[in-house]
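Below you'll find the structure, written out as structure tokens, and then a few comments.
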Amino acid sequence: MRMAKNFRLLDKSDLGGVIFCCNDSNMDECLSKKLFGLTVPHILYVKNIEPGLPMFLFNFSDRKLHGIYEAVGSGKMNIDPYAWTAGGSDRTNFPAQVKIRERLQCPPLSEDQFKPIIADNYFKHNHFFRFELDRTQASNLISMLSSSSDARPTVGEVLSTDNADFELEKHIDANQDIISQLTGEVEELKAFMQHQALKLENFETKLLRKIYQLESRCTINKSIFLVGGYDGVSFSSALDSFSPSCDAMKSCKSMAICLGCEIRWQLYVFGGGTDTVWYDTVESYNVYDDQWHSLPSLSSKKGCLAAAALKGKLYSVDGGNGVDEFSDVEMLDPNVGRWVPARPMLKKRFALSAVEWGGSLYAVGGFNGDQFLSCAERYDPRERSWDTIRNMKNSRTGHSLTLFNEKIYAIGSFDGRKMIPIVEMYEPRVDKWIDGAL
């Protein structure tokens with residue numbers, strides 16, 4: 001979910017026009033107030049609107065484009081903070097606003113007419129499009145709208161322009177000195193206003209970035225990350241995020257190779273490997289800038305290990321290297337920047353799973369070199385010791401372990417003979433596994 005995919009972000013010098021939106025219920029208000037508006041993120045380019053820039057109005061209800069309008073002021077936030085609300089009682093949902101006037105009355109264009117002109121603005125596989133127009137697009141839309149025989153200039157605008165030109169010429173002839181003085185003062189005022197506008201623009205940009213980051217956190221917090229894997233042919237280093245609320249999958253920047261966990265808005269991956277190559281590398285993925293960063297390596301190369309975050313620290317719960325299985329546990333404090341040994345598990349475990357609950361670390365299942373395990377154990381960082389908990393009903397390796405409603409779920413696995421689709425639920429308060437489903 002990145003800004004560059006949602007907006008064109010044209011330079012101010014390249015911006016040739018902007019399409020604003022409405023529907024049947026608020027179009028009259030747009031035209032009567034001579035005010036157009038969009039949602040908060042669009043201020044990134046609405047703020048580049050200057051007086052005279054061509055404007056267009058797209059009605060989502062009948063998907064027709066209206067024009068031709070032009071800006072009479074600069075684009076800014078909350079010109080009317082209560083526009084398009086029920087009786088003006090609530091804050092507007094469309095605060096990125098600009099005041100407009102009608103330049104030329106024209107019959108609206110259907111989507112079939114204007115779509116070829118802005119074809120590059122359309123998102124793939126749907127009927128939404130970006131609202132920023134370059135100069136060529138804006139010019140072509142103006143030509144198409146004004147080519148209609150029914151297009152005519154607004155009468156009031158023509159008369160007022162003619163009268164203004166006549167009065168201006170009369171005053172120039174009679175008061176040239178006064179006009180020169182006023183012109184100088186106006187230029188000084190313009191310079192001052194430009195300086196203030198630049199300061200305000202910088203402030204708005206910083207504020208919008210903060211708002212966008214906060215909005216991104218809400219989206220990220222509701223996303224599921226799919227990390228690496230094996231498709232039966234090759235091992236993958238891909239990273240994808242899935243948003244259940246949007247029912248959309250997005251590809252992120254690939255890593256090296258992995259198993260990992262999340263803490264402090266960072267996704268950590270460490271260890272992993274293929275059938276013949278094992279890794280000790282550790283990486284962290286920043287969900288905001290879509291970048292991977294290297295961290296201190298593990299003490300040895302290994303894979304099929306488990307990972308968990310506990311009290312702001314990362315735990316690597318051992319796996320193996322294809323020859324040996326391990327019981328070691330390592331801890332990384334991101335603030336210190338190095339891995340330190342922690343109390344080893346009671347049993348060697350390869351292809352186990354681990355999860356944090358209630359301030360303790362749970363290690364479940366795995367393979368110890370001789371048998372597939374149904375046993376589980378719990379680590380208490382306050383006591384710095386591992387204790388056994390109740391065994392599962394099934395032996396499990398390569399399973400998923402997750403929390404839901406304060407219970408631990410073991411999902412799927414290989415039990416040494418076959419893949420099993422069975423789900424077991426562990427209730428930590430009573431130390432008991434039962435058959436269950438999410």
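Residues forming a side chain to side chain donor-acceptor pair (under 3.5 Å) with E427 (at least two apart in sequence, or on another chain): R429. For W386, the ring-ring contact (aromatic ring centres under 6.0 Å, His included) partners at least two apart in sequence or on another chain are Y379. Applying the side chain to side chain donor-acceptor pair (under 3.5 Å) rule to N140 yields no partners; only residues at least two apart in sequence or on another chain are considered. Not counting sequence neighbours, the partners of N394 by the side chain to side chain donor-acceptor pair (under 3.5 Å) test are E424. Residues that satisfy the salt bridge (Lys or Arg N to Asp or Glu O under 4.0 Å) test with D134, not counting sequence neighbours, are R8. Residues passing the salt bridge (Lys or Arg N to Asp or Glu O under 4.0 Å) test with D380 are R382, sequence neighbours excluded. Shown here are the salt bridge (Lys or Arg N to Asp or Glu O under 4.0 Å) partners of K47, two or more places apart in sequence or in another chain: E201. A search for side chain to side chain contact (heavy atoms under 4.5 Å, CB included) contacts involving N23 returns S25, N26, N59, S61, not counting sequence neighbours.
In this structure, the side chain of T92 engages the main chain of A83 through a donor-acceptor pair within 3.5 Å. Between the side chain of W433 and the main chain of R390, a donor-acceptor pair closer than 3.5 Å is present. Checking side-chain atoms of W292 against main-chain N and O of E283 turns up no donor-acceptor pair under 3.5 Å. S147 contributes a side-chain N or O that, together with a main-chain N or O of M144, makes up a donor-acceptor pair within less than 3.5 Å. A donor-acceptor contact shorter than 3.5 Å is absent between the side chain of E356 and the backbone of Y362. For the pair D318 (side chain) and F326 (backbone), a donor-acceptor distance under 3.5 Å is absent. A distance-only check finds no donor-acceptor pair linking the side chain of E50 to the backbone of G73 [under 3.5 Å]. Remark: side-chain polar atoms of T397 are paired, donor with acceptor, to backbone N or O of F414 under 3.5 angstrom. Side-chain atoms of E102 never come within 3.5 Å of backbone atoms of I68 as a donor-acceptor pair (strictly under, hydrogens ignored). In this structure a side-chain-to-backbone donor-acceptor pair under 3.5 Å is present from E29 to W84.
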**Q.** Audit row: F56, L145, side-chain contact (heavy atoms from CB on, under 4.5 Å) steps and yes/no
**A.** CA-CA 10 Å; F56 306 88; L145 282 162; 3.7 Å; yes
Q: In sequence, state the C-alpha distance, the side-chain angles, and the governing distance for R135 and L15, and then conclude on side-chain contact (heavy atoms from CB on, under 4.5 Å).
A: CA-CA 6 Å; R135 294 185 178 276; L15 186 65; over 6 Å; no
Q. When you look at N121 and Q137, which way does the side-chain contact (heavy atoms from CB on, under 4.5 Å) test go after all the steps?
A. CA-CA 10 Å; N121 285 28; Q137 291 173 325; 3.0 Å; yes
Q: Please test L57 against L65 for side-chain contact (heavy atoms from CB on, under 4.5 Å), starting from the C-alpha separation and ending with a verdict.
A: CA-CA 6 Å; L57 187 62; L65 186 70; over 6 Å; no
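When side chains are defined from C-beta on, Y315 counts as touching K313, because their heavy atoms get closer than 4.5 Å. In this structure, the side chains of E330 and S299 come closer than 4.5 Å at one or more pairs of heavy atoms. E132 has its side chain out of reach of V18: every pair of non-hydrogen atoms, C-beta onward, lies at least 4.5 Å apart. Counting only heavy atoms from C-beta outward, the side chains of P54 and I142 approach each other to under 4.5 Å. In this structure, D415 and K418 have side chains that are in contact, with non-hydrogen atoms separated by less than 4.5 Å. Within the 4.5 Å cutoff, side-chain heavy atoms of R130 are placed close to those of F123. Looking at R378 and L361, their side chains never come closer than 4.5 Å, going by heavy atoms from C-beta outward. Counting heavy atoms from C-beta on, the side chains of V72 and P51 never come closer than 4.5 Å.
Separating the CD1 atom in I420 from the CD1 atom in I411 is a distance of 12.0 Å, to the nearest 0.5 Å. Interatomic distance, L133 CG to L53 CG, rounded to the nearest 0.5 Å: 9.0 Å. Note that CG of L298 and OG1 of T281 are 8.0 Å apart. Values are rounded to the nearest 0.5 Å. The distance from the OG atom of S146 to the CD atom of Q105 is 13.5 Å, given to the nearest 0.5 Å. Rounded to the nearest 0.5 Å, atoms CZ (F203) and NZ (K206) are 9.5 Å apart. Between K302 atom NZ and N321 atom CG the span is 9.5 Å, to the nearest 0.5 Å.
In this structure, A376 and N391 approach most closely via the heavy-atom pair N-OD1, 4.3 Å. When all heavy atoms are compared, the tightest approach of N48 to K12 is OD1-CE, 3.6 Å. Closest approach of P381 and R384 over heavy atoms only: O-CG, 3.4 Å. Here the shortest heavy-atom pairing between F350 and G303 reads CE1-O, 3.8 Å. The heavy-atom pair separating N368 from E325 by the smallest distance is O-OE1, 3.8 Å. The two atoms that bring M392 and L373 nearest to each other are CE-O, 4.3 Å, heavy atoms only.
Of the options L207, N202, L200, a side-chain contact (heavy atoms from CB on, under 4.5 Å) to E204 is made by L200 and by none of the others.
Among residue pairs with one or both ends in residues 341-353, those qualifying as side-chain hydrogen bond (donor to acceptor under 3.5 Å, both in side chains) are R349-E377; sequence neighbours excluded. For residues 57-81, the set of pairs meeting the ring-ring contact (aromatic ring centres under 6.0 Å, His included) definition, not counting sequence neighbours, comprises F36-Y69, F58-F60, F58-F114, F58-F129. Pairs engaging residues 63-83 under the salt bridge (charged side-chain N to carboxylate O under 4.0 Å, His left out) rule: K33-D80, R63-E111, E70-R101, E70-R103 [sequence neighbours left out]. Residue pairs satisfying the salt bridge (charged side-chain N to carboxylate O under 4.0 Å, His left out) criterion with at least one member in residues 113-123, sequence neighbours excluded, are absent.
In this structure, the ring of F20 has its center no less than 6.0 angstrom from the ring center of F131.
Atom NZ of K407 has more than 12 neighbouring heavy atoms from other residues, nucleotides or ligands inside a 6.0 Å radius. For R91, the CZ atom sits in a packed shell: over 12 heavy atoms of surrounding residues, nucleotides or ligands are nearer than 6.0 Å.
Within the cation-pi definition used here (under 6.0 Å to the ring centroid, within 45° of the axis), R396 does not qualify as a partner of F372.
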